[in-house]
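Down below is the structure, laid out as structure tokens.
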Amino acid sequence: MPELPEVETVRRGLADHVVGRTVARVEVGRERTVRRTSRQAVIDGLTGVTILAADRRGKYLLCPLDSGDTLMVHLRMTGQLLLAPAGAVRPPHTHVVLTLTPNASGRHELWFVDPRTFGEVVVFDPDHVAVELPELAHLGPDPLADGLDVGVLGRLLGGRRTRLKALLLDQHVIAGIGNIYADEILHAARLHPDRPAGSLRRRDVVALHDAMHRILFNAVGAGGSTLGDNQYVDLMGSGGSYQDDHQVYGKAGARCTTCGRGVVRRGVTGGRSTHWCSWCQRVWAPRHWKAASTTEV
DNA sequence: AAACAAACCTGTGCGC
DNA sequence: TGCGCACAGGTTTGTT
């Protein structure tokens, strides 16, 4: 569910409403949510601490604490962070509750809700990130948080035979892009998802760079994408509106609104649904690249 | 190196 | 109405 724009929207909510506040009490329900360490480690690591900031790298939320540790939250597929009035009825699958000390705006709790329990809450020592959270240490650049110029992008793509779709989803290469935005970005850049990354010409890299920044920037501005199941909501429980701007994701069979000529196709690559326009994304590989195609469904 | 498949879980929507 | 199956925004691990 949550990709870079959604996580960034949650981060902004934390920056506005949670940063500077102190955790009075910690409750951990399902231990699976804190499986990286333990229930006791999270309770001990958060009780009494003040949250100093709200940062983000890719899809990882990172909150430095006055204890010297950092709180990491990853929402994975179905995780939500919600700010609620203290004592409010908690939804099913509320696995972690941080009761904040009261401030001028009242008494609040921060809830981590996650039906599928893929998400995680970790308190770790940033000096030992390579040991305690190795995947965070191996994350690629974040297009918005770290900047990612055309030259760097070209070098990340160069020489690789991997398909563009798979490469955009690889968090070690570029951090933050998920299945929805990978499809929207490739469509905006008019690039076929199966095209080998290393086959891009300079102008293609420029198009991909432009599309990546434009799509992600606009999606953050719209508060992210909330699909029909209302799974993604921000800290205050509101949905985003970028789903109204999707051109291909979830539009299989529809006439392409970009070119008016093609039809949106849906296929599966690496177990992930992939959407592209049959016309404006038709050019995908020079003859010397051996074709390996996405199976159409 | 690259491409799968399976695994981790639960909820929802669809066809019959 | 009910049942069973396919599928879902992510990531890791193991196998070709």
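So that the names make sense, note that chain A is the first sequence line, chain B the second, and so on, each numbered from 1.
Taking only side-chain nitrogens and oxygens, H93(A) never comes nearer than 4.0 Å to OP1 or OP2 of dC9(B). For dT11(C), the OP1/OP2 oxygens have a side-chain nitrogen or oxygen of H74(A) closer than 4.0 Å. One finds no side-chain N or O of Q231(A) lying less than 4.0 angstrom from the OP1 or OP2 phosphate oxygen of dG11(B). Taking side-chain N and O atoms only, S273(A) has a distance below 4.0 Å to OP1 or OP2 of dA8(C).
The R161(A) side chain lies nearest to dA2(B) when the options are dA8(C), dT10(B), dA2(B). Closest to the side chain of T162(A), from the set dC4(B), dA8(C), dA2(B), is dA2(B). Of the listed nucleotides (dT11(C), dA8(C), dT12(C)), dA8(C) has the atom at the smallest distance from the side chain of R266(A). Minimum atom distance to the side chain of R30(A) is reached by dT10(B), of the listed dC8(B), dT10(B), dA2(B).
Just one of L46(A), L81(A), T47(A) meets the side-chain contact (heavy atoms from CB on, under 4.5 Å) condition when paired with L98(A); it is L46(A).
Spacing between atom CD1 of I174(A) and atom P of dT11(C) amounts to 14 Å, rounded to whole angstrom units. Taking atom OH on Y232(A) and atom P on dG10(C), their separation rounds to 14 Å, with Å as the unit. Between H138(A) atom NE2 and dT11(C) atom C1' there is a gap of 15 Å when expressed in whole angstrom units.
Remark: R21(A) CZ is packed, more than 12 non-hydrogen atoms of other residues, nucleotides or ligands lying under 6.0 Å away.
Side-chain atoms of E3(A) and Y232(A) form no donor-acceptor pair, as typed in the model, at a separation below 3.5 Å.
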E184(A) and H246(A): side chain to side chain donor-acceptor pair (under 3.5 Å), yes or no, with the steps?
CA-CA 7 Å; E184(A) 293 298 324; H246(A) 291 179; 4.7 Å; no
Test side chain to side chain donor-acceptor pair (under 3.5 Å) applied to T257(A) and Q247(A), step by step:
CA-CA 7 Å; T257(A) 48; Q247(A) 303 299 309; 2.5 Å; yes
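dG4(C) and dC9(B) have their P atoms separated by 23 Å, with the value rounded to a whole Å.
D183(A) has a carboxylate O that lies under 4.0 Å from a charged side-chain N of K165(A), or vice versa, which qualifies the two as a salt bridge.
dA6(B) is paired with dT12(C) under the criterion used here, namely a Watson-Crick or G-U wobble arrangement in which both key atom distances are under 3.5 Å.
Nearest-nucleotide mapping onto DNA chain B: of G271(A) and R32(A), the residue sitting toward the 5' end is G271(A).
Taking CG of L100(A) as the reference point, atom NE2 of H17(A) lies at 12.0 Å (rounded to 0.5 Å).
For DNA chain C, the neighbouring residues in residues 115-128 of chain A, judged by any heavy atom under 4.0 Å, are R116(A), F118(A).
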